[in-house]
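Here the structure is laid out as structure tokens; the discussion comes afterwards.
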Amino acid sequence: MSTTLVVDAANVVGARADGWWKDRAGAARRLHEELLTADVPGDEIVLVLEGGAKSGVRPGKDAHVRVVHAPKDGDSTILAEASRAADRGRRVTVVTADRALSANVGAVGAVVVGPTWLLDRLGE
């Protein structure tokens with residue numbers, strides 16, 4: 001079965017104590033670069049960016065990582081991406097620490113893991 005990993009970039013970046021708040025675009029760019037070479041499950045990774053982070057990485061696909069710019073809030077876009085992947089019969093994992101979002105994506109059949117799960121796989 002094909003798998004999709006949907007990444008709540010704001011949550012993952014926010015879990016790092018590296019001064020990300022001074023350069024949201026740079027933090028998003030670093031996460032994107034790490035995902036390109038990361039050894040994580042999923043043949044498709046969807047990186048959802050919102051707010052100032054959107055200027056760090058253009059929307060579109062690079063290898064197996066697809067960057068999506070949230071038009072409004074990231075949660076709605078993450079839910080839409082998880083739902084779309086599940087509707088295509090894919091196994092979906094969402095990386096977030098947001099409890100409300102976790103409940104919503106769980107309702108469409110996605111498994112939820114926290115930012116630490118991903119950061120551990122990125123070598124943090």
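Contact check for P41 versus L5: no side-chain heavy atoms found under the 4.5 Å cut-off. A heavy-atom distance below 4.5 Å is not found between the side chains of L118 and V113. With contacts defined as side-chain heavy-atom distances shorter than 4.5 Å, the pair V6/V68 does not qualify. In this structure the side chain of V12 never reaches within 4.5 angstrom of the side chain of E34, judged on heavy atoms. In this structure, D62 and R58 have side chains that are in contact, with non-hydrogen atoms separated by less than 4.5 Å. D43 is listed as a side-chain neighbour of T3, based on a closest heavy-atom distance under 4.5 Å.
Proximity of a side-chain donor or acceptor of D75 to a complementary backbone N or O of L101 within less than 3.5 Å is not detected. The backbone N or O of G60 sits nowhere less than 3.5 Å from a side-chain atom of H69 that would complete a donor-acceptor pair.
When every heavy atom of A110 is checked against every heavy atom of V94, the shortest pair comes out as CB-CG2, 4.0 Å. In terms of heavy atoms, L119 sits closest to A15 at CD1-CB, 3.9 Å. Nearest heavy-atom pair across D73 and A70 is O-CB, 3.7 Å. Between P71 and T77 the shortest heavy-atom distance is CD-OG1, 3.5 Å. For the residue pair S55 and A25, the shortest heavy atom distance occurs at OG-CB, 3.3 Å. For the residue pair D8 and E50, the shortest heavy atom distance occurs at OD1-OE2, 4.4 Å.
Cluster annotation: L122 is not connected to V48 through the hydrophobic network of ILVMFWY side chains, with a link wherever side-chain heavy atoms come within less than 4.5 Å. No continuous path of ILVMFWY side-chain contacts below 4.5 Å connects I45 to V92, so the two sit in separate hydrophobic clusters. Follow the hydrophobic side-chain contacts under 4.5 Å out from V13 and you reach V95 in the same cluster. Linking ILVMFWY residues whenever their side-chain heavy atoms come closer than 4.5 Å, directly or via other members, leaves V111 and V46 in distinct clusters. W117 and V105 sit in two unconnected hydrophobic clusters of ILVMFWY residues. Membership requires side-chain heavy atoms under 4.5 Å apart, directly or through other members.
Between atom CG of residue L47 and atom CG of residue L36 there is a gap of 9.5 Å, rounded to the nearest 0.5 Å. Interatomic distance, OG1 of T4 versus CD of E44, reported as 4.0 Å (0.5 Å rounding). Separating the OG atom in S83 from the CZ atom in R88 is a distance of 10.5 Å, to the nearest 0.5 Å.
With respect to R30 and E33, no salt bridge is recorded, no charged nitrogen being found less than 4.0 Å from a carboxylate O.
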Inset, instruction - Take V57 and L31, measure what side-chain contact (heavy atoms from CB on, under 4.5 Å) needs, and give me the verdict at the end. - result: CA-CA 10 Å; V57 188; L31 178 57; over 6 Å; no
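Within 6.0 Å of CZ on R99 lie no more than 12 heavy atoms contributed by other residues, nucleotides or ligands.
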